[in-house]
S.K.: 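Take a look at this one; I'll ask things after.
Side chains are part of it too, since the values below use all heavy atoms of this structure and drop only hydrogens, waters and symmetry mates. A, B, ... follow the sequence lines: proteins, then strands. Residue 1 opens every chain.
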Amino acid sequence: NAGVMQNPRHLVRRRGQEARLRCSPMKGHSHVYWYRQLPEEGLKFMVYLQKENIIDESGMPKERFSAEFPKEGPSILRIQQVVRGDSAAYFCASSPRPPGTTYEQYFGPGTRLTVT
Amino acid sequence: GQSLEQPSEVTAVEGAIVQINCTYQTSGFYGLSWYQQHDGGAPTFLSYNGLDGLEETGRFSSFLSRSDSYGYLLLQELQMKDSASYFCAAPPSGAGSYQLTFGKGTKLSVIP
């Protein structure tokens with residue numbers, strides 16, 4: 001059973017460009033979470049999605065950031081008009097059951113975004 | 001909201017025992033998880049304590065005291081490969097909240 005897949009692993013964008021980060025959860029997992037991690041910091045929750053639904057996006061900036069988890073295909077985290085402050089590692093995690101029934105999340109290898 | 005405090009760095013000798021503490025302040029509390037992350041790697045789930053007491057999984061144990069708002073991760077028979085960052089994390093604190101809140105992490109260095 002393949003783990004959580006993320007691509008690309010490294011992404012370089014110039015200021016003002018768009019960044020698209022992809023996440024394929026583990027097989028059978030329909031709950032996806034996105035986190036951002038700055039160097040020497042913990043992970044900061046951004047958004048929680050189930051198939052085709054955004055359940056909690058309270059950790060995601062209101063502007064420039066969006067997320068989706070379509071019926072078919074990977075979950076996408078989209079950052080429009082990137083700025084230098086968006087440079088970070090973005091991790092996706094998945095779980096087989098919703099929060100409250102499990103607190104174990106399986107993380108992907110992350111996408112390191114660098115904005116130049 | 002939730003806030004978790006951990007020491008930023010710990011150094012221990014190979015073969016020894018080390019304890020990484022985590023104190024928390026939350027508006028509601030359901031338990032404490034622990035994750036390990038090697039440099040450049042993905043966080044990996046280690047344990048979850050939903051009730052007070054000690055949970056043991058091989059060389060790793062985790063403890064929770066809800067009355068003291070405190071937990072710890074205990075690593076025994078330290079190996080060089082245990083050098084990593086360790087994060088405590090608290091599950092969502094209220095209805096409609098799904099945020100897993102992480103501490104800033106403790107960087108463990110195991111020395112020969």
S.K.: Tell me whether B:Q76 at atom CD has more than 12 heavy atoms from other residues, nucleotides or ligands lying less than 6.0 Å away.
M.R.: yes
S.K.: Less than 6.0 angstrom separating the ring centers of B:F102 and A:F45, yes or no?
M.R.: no
S.K.: Count I, L, V, M, F, W, Y as connected when their side-chain heavy atoms are under 4.5 Å apart, and connections chain through other members. Are B:L78 and B:W34 then in the same cluster?
M.R.: yes
S.K.: Would you give the length of the straight line joining atom CD of A:Q37 to atom NZ of B:K104, rounded to the nearest 0.5 angstrom?
M.R.: 12.5 Å
S.K.: Of the listed residues (B:G40, B:S85, B:S33), which shares the most heavy-atom pairs with chain A below a 4.5 Å separation?
M.R.: B:G40
S.K.: Do you know the tightest heavy-atom contact between B:A42 and A:G108?
M.R.: CB-O, 2.9 Å
S.K.: I'd like to know whether CD of A:Q81 has more than 12 heavy-atom contacts from other residues, nucleotides or ligands below 6.0 angstrom.
M.R.: no
S.K.: Given heavy-atom pairs under 4.5 angstrom as the criterion, report whether the side chain, backbone, both or neither of A:Y35 touches chain B.
M.R.: side chain
S.K.: Look at the side-chain heavy atoms of Ile, Leu, Val, Met, Phe, Trp and Tyr, link any pair under 4.5 Å apart, and say whether A:M26 and A:F69 land in one connected group.
M.R.: no
S.K.: Is there a side-chain contact (heavy atoms from CB on, under 4.5 Å) between B:Y35 and A:F107 once you walk through the steps?
M.R.: CA-CA 10 Å; B:Y35 284 79; A:F107 282 80; 3.5 Å; yes
S.K.: If you count heavy-atom pairs under 4.5 Å with chain B, which of A:S58, A:G42, A:G110 comes out on top?
M.R.: A:G42
S.K.: Under a 4.5 Å heavy-atom cutoff, which of B:S47, B:G103, B:P43, B:G105 has the most pairs with chain A?
M.R.: B:P43
S.K.: Could you see if A:W34 belongs to whatever hydrophobic cluster contains A:L43? Use Ile, Leu, Val, Met, Phe, Trp, Tyr and a side-chain cutoff under 4.5 Å.
M.R.: no
S.K.: In terms of heavy-atom proximity below 4.5 Å to chain B, should A:Q6 be classed as side chain, backbone, both, or neither?
M.R.: neither
S.K.: Give a yes or no on this: more than 12 heavy atoms of other residues, nucleotides or ligands lie within 6.0 Å of atom CG of A:N53.
M.R.: yes
S.K.: Measure distances from B:Q37 to the heavy atoms of chain A and classify the residue's part below 4.5 Å as side chain, backbone, both or neither.
M.R.: side chain
S.K.: Does atom CD (A:Q17) have a neighbourhood of more than 12 heavy atoms from anything else shown, all under 6.0 Å?
M.R.: yes
S.K.: Between CG of B:L46 and CD of A:E104, what distance do you get to the nearest 0.5 Å?
M.R.: 10.0 Å
S.K.: More than 12 heavy atoms of other residues, nucleotides or ligands under 6.0 Å from CZ of A:R15: is that the case?
M.R.: no
